[in-house]
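The chains referred to below are lettered A, B, ... by the order of the sequence lines, with proteins before strands, and numbering in each begins at 1.
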Amino acid sequence: MDITKLTIKEARTLLDTKQISAVELTTIYIGRIKNLDNKIDAYLSVSEDSALEQAKVAQGLIDNGKSTMLCGIPLSIKDNICIEGTKTTCASKMLEDFVAPYTATSVNKLHADNAVILGKTNLDEFAMGGSTENSAFKQTKNPFDLTRVPGGSSGGSAASVAASLALGSLGSDTGGSVRQPASFCGVVGMKPTYGLVSRYGLVAFASSFDQIGPIAKTVEDCAILLDSICGHDPRDGTSLKYKSDSSYASSVSGNIKGFKIGLPREYLSEGLNSEVRASLYKSIDTLEKLGAKVEEFSMPSLKHAIPAYYLISSAEASSNLSRFDGVKYGYRADNCKSYQELIGRSRGEGFGREVKRRILLGTYALASGYYDAYYNKALKLRTLISEGFEEAFTKYDVVLHPTTPETAFKLGQNTDDPLTMYLADIYTVAVNIAGLPSISLPCGYDLNGLPIGLSFTGKPLGEREIFRAAATFEADFADKFRFPAI
Amino acid sequence: MTNSDSNDYIKYIAGLAKLSLNDNEMQSLAEDMQVIIGLMDTIKDIDTDGINATEHISRVTNNLREDKPGNPFDTEKILSNSKHSIDNCFVIPKMIE
Amino acid sequence: MKYIPTIGLEIHCELSTKSKIFCDCPVGFGGEPNTRCCPVCTGMPGTLPVLNETAVQYTVKAGLALNCEINEFSKLDRKNYFYPDLPKAYQISQFNLPICINGGLKINTSEGEKFISIERIHLEEDAGKLTHDGFDKFSLADYNRCGVPLIEIVTRPDLSSSEEAKDFVEKVRLMILYSGVSDCRMEEGSLRADVNVSVRPYGTDQLGTRTEMKNINSIKAIVRAIDSEIQRQSVLLDEGKRIIQETRRWDDNKGESKSLRSKEDAHDYRYFPDPDLVPVTFSKEEIEALREMLPELPNKRFEKYTTVYGLSEADANLLLSSVSLSDFFESTTDECGNPKAATNFIIGEVLRRLNDSNLSSDLIPFSGNVLGRLIKMIENEEVTANNAKKVLAEMFDSGKEPEFIVSENGYKVINDINEVENTVKEILSKNEKAVSEFIEGKEKAFGFLMGQCSRALAGRGNPKVIQEILRSELNKCKGDL
């Protein structure tokens, strides 16, 4: 067994046919984390004892023939998702000591399926960023090139999967935070339709964009994870009362003959790196060879996606992050003589620079006299973008686009340049603006050997279509798929 | 907006957001914000007359819960992450009215 | 100079749901700090609010009781401000699409009836409680009250005196009480008001600069605060000074208000639609169904009491002063069929007893129809009015049924003429002196004999019957002479 190539689906077979026990499998991953994570720095905390305990319980179920798809499968969880009794830091000094008093619904669902939780992964502070460089604690490296970023904000999750330090992971995606690091790390990342997965227990960044999404080595593995975590949650007032007729895992079989795929012309303009572009066109050839029809279309509102996204998400973030005042939990500044001093200093000292930028931008966008020009205008652009997609989906089964304009960049390259960082989100944010499902998977490698990601975006609750398109493409790409050498 | 106006305004916004920043940090964040707001300003000239604002992205309404009381959390657990508590209460510096 | 006051009110009223507005923590009063809390109402990271259906329905009912239109589409917004009693640093409230709009009710003024408009009623969450006593350097925060559902009733500035404000708040309070959505206990802070006051010189139209006093929690204090503020503003204007738009704190013990240093940035709440809560919608049918569920409201009952039942306005108001008393009166009346007798008995006897033992009317240990049965026994001359009072006393003490108490104590009126006749004859034979005095023309002797007969019959004799027989027996004695 080559652990670096192992998938959830394959591990399932090994476990169910008793070729390996759940405890052995977990022990292998714990061992890899101990040996290799000092190079990658994907994890912020590892729960060895509880992971082995969970593996034991899982093995008992397997032995009794009661295993589920995720029974005994070792996973990692982004450290902005709460697990009772364990630290949930959001990679912020603000929450360095915060021990969650409750468990997120998505993790409870994984528990119910007897998955094994190995630990919590690194991220950009409060999920704000695209490189995981905004973590207050660690710099996660890209397993394909340790001098490069893993992407972000779910950089620890993507790197843990790419480096085979977990079989799968849960990340969160507010503007591309699952898909972009998946793309940079050469794995598959999926953002579900807004409301399909409960947000209860995910520390909020931008409530109307945030979705928890799976990261894994294959499309099918992502579908298996989504099957476990999706579904209506009475603790989340925005969660949908929707139940898919059949499992998402079952939607990966089939073909895409006659599939109509739209390619937004606005995503092909200057900023797109030539190698990424070349890889995109190669992928289009593949899709057409597989029987799909790919067609360019124009959606002018996409040009406004970046400012609309940053205005609305920062406005929501400024409000969501107001609760961190040093009183109830989190960093508390010393020797404060007044409440004003306590709150001002706790926030001033506890939050990192990018978080402060977003809070300032969001407060600005909502401030009296600016609301209409910024926040409300952005909400109108949100309508335009949603309508643009709606129209596109009258013609196309799925929309295709590159996940990012460039491949993984060097550590430190963009840290002092927020504008470049923001603009790099160009292809991912529109999906969150419209609340759509989208999946990124590897479609090629640049001259440096860095992975290039391809995204399929679907209509609301169109998960099955994007899984099918992605899985079909993936099957064709399988022999070109690369595993990082660490 | 001139640079100094904009710095004053960022100072005001930081006050509104309760972020205590030292002078250096204030200065460099004000510079960042100048650039970021420049990017945001690109939406100013877009004609959005007659377009409704998307106030909720969710396509559902209501999603209410039944008025059924459950068990509250242990007080200890509620206070467990607080750096300072007395008599089962969260502690703050004296609020002067 | 003389000034015309203009007054507007914002009345906050806690809804009496069983659980909080966004989580399932129980709602209550008092108790140890932070014992009715969970991660949601203490604003822990990652938690989400889910709206309580009953809180929404109660808001609609309050709106209907106060003659409001119900918005078929409404939403919840965040009101952002930092204060340590607000754990999320935003209050979930309603900004531009409240559940109820455009209502109001009539009040009585010295110049007749006046309609006071209610601009809106919106639903929001209450904040926690801070205590400042006990420690020099600390204040303490208790979040038990965080997330208790509140409605805020906002009037237009239609009130012109503290008396009008008093009548309005009392009427609103009654309407809310009767609609069953809040217990409106001012002493527990479940009803509080913010008061906006401005004055302008007679003969001018331009409204003056207004000030606001927040969180006043008794009707008396509202009256005092308004009077004091009208006076303060009038004096300032007389002295040629300006009124500053500000929030003031009313100190009811000192009887004066103090300027609160205008809280910095207090006016930029950065309201925006709460992305965690989907909009609330109602169909016309749902609104009508809630209207159907409302009990008969006090204005309708007043009408019925004074016109159909013929009660005085004072008696009607007294009976309407609480829902439980009014309901008690109605079931008493339904049983005995005599509203006036029920009124007299309730006001004269029941309320007196409640006052003596400091009980509220919802603690009467028996129901209205049980009292109605007792009144019916008086009407049917089965028990005397005097004994009925004794029966009532026992009903309060033991909670026993009146029929049982009557028979146990032998209070049943004796309507058997033979028994009365025999007793009268016996008394007359024992009191020859009094009989002869009566025959000599001393009417006083009749009263004495009457008393003797009643006592001998242990108070159970029907006085009319005794009187009749006594007189006829005495006349016989007269004839015999």
Exercise for the section: Against chain B, label A/Lys303 side chain, backbone, both or neither, depending on which of its atoms sit under 4.5 Å from a heavy atom there. Expected result: neither
Handout entry: Contacts with chain A made by residues 64-77 of chain B (heavy-atom distance under 4.5 Å), listed by residue number
Key = B/Phe73, B/Lys77
Practice task
Determine whether the aromatic ring centres of A/Tyr309 and A/Tyr422 lie less than 6.0 Å apart.
Solution key: no
Exercise for the section: Against chain B, label A/Leu419 side chain, backbone, both or neither, depending on which of its atoms sit under 4.5 Å from a heavy atom there. Expected result: side chain
Practice task
Kindly indicate whether a cation-pi arrangement holds for A/Lys356 with A/Phe351, taking the cut-offs as under 6.0 Å to the six-membered ring centre and within 45° of the axis.
Solution key: no
Exercise for the section: Identify which part of A/Ala434 has an atom lying under 4.5 Å from any heavy atom of chain B, answering side chain, backbone, both or neither. Expected result: backbone
Exercise for the section: Indicate the ring-plane relationship of A/Tyr374 and A/Tyr370, choosing parallel, tilted or perpendicular according to the 30° and 60° boundaries. Expected result: parallel
Handout entry: Modelled atom types, side-chain donor and acceptor of A/Tyr331 and A/Glu349, under 3.5 Å
Key = yes
Exercise for the section: Ignoring hydrogens and angles, state whether a donor on the side chain of A/Thr174 or A/Asp210 is under 3.5 Å from an acceptor on the partner side chain. Expected result: yes
Exercise for the section: Scan side-chain atoms only and decide if A/Thr89 and A/Glu96 contain a donor-acceptor pair under the 3.5 Å cut-off. Expected result: no
Practice task
Give a yes or no on this: more than 12 heavy atoms of other residues, nucleotides or ligands lie within 6.0 Å of atom CG of A/Asp416.
Solution key: no
Exercise for the section: For A/Asp236 and A/Ser239, test the side chains for any donor-to-acceptor distance below 3.5 angstrom and give the result as yes or no. Expected result: no
Handout entry: Side chain, backbone, both or neither of B/Met33 within contact of chain A (heavy atoms, under 4.5 Å)
Key = side chain
Exercise for the section: Counting only heavy atoms closer than 4.5 Å, note whether B/Val60 contacts chain A via side chain, backbone, both or neither. Expected result: side chain
Completion exercise
Among residues 312-326 of chain A, residues within the sub-4.5 Å heavy-atom range of chain B, in order of number, are none
Handout entry: Side-chain donor-acceptor contact under 3.5 Å, A/Asp97 with B/Asn81
Key = no
Handout entry: No-hydrogen, no-angle side-chain donor-acceptor test under 3.5 Å, B/Asn52 and A/Thr383
Key = no
Practice task
Could you look at A/Thr193 and say if it's the side chain, the backbone, both or neither that has a heavy atom under 4.5 Å from chain B?
Solution key: neither
Problem - is_close_aromatic(A/Tyr194, A/Phe209), centroid dist under 6.0 Å - result: no
Problem - Close aromatic pair by centroid cut-off 6.0 Å: A/Phe126 and A/Phe205 - result: no
Problem - Heavy-atom proximity to chain B below 4.5 Å, by part of A/Pro418 - result: side chain
Fill in the blank from the handout: Applying a strict 4.5 Å limit to non-hydrogen atoms, the region of B/Leu79 in contact with chain A is neither
Problem - Under 4.5 Å from a heavy atom of chain A, the part of B/Ser85 involved - result: neither
Exercise for the section: Please flag which part of B/Thr48 lies under 4.5 Å from any non-hydrogen atom of chain A: side chain, backbone, both or neither. Expected result: both
Problem - A/Glu391, CD: over 12 other non-hydrogen atoms inside 6.0 angstrom - result: no
Handout entry: Proximity breakdown for A/Glu84 and chain B, heavy-atom pairs closer than 4.5 Å
Key = side chain
Exercise for the section: Identify which part of B/Leu21 has an atom lying under 4.5 Å from any heavy atom of chain A, answering side chain, backbone, both or neither. Expected result: side chain
Handout entry: A/Leu360 portion near chain B, given a 4.5 angstrom heavy-atom threshold
Key = both
Handout entry: A/Arg235 side chain to A/Ser198 side chain, donor-acceptor N/O pair below 3.5 angstrom
Key = no
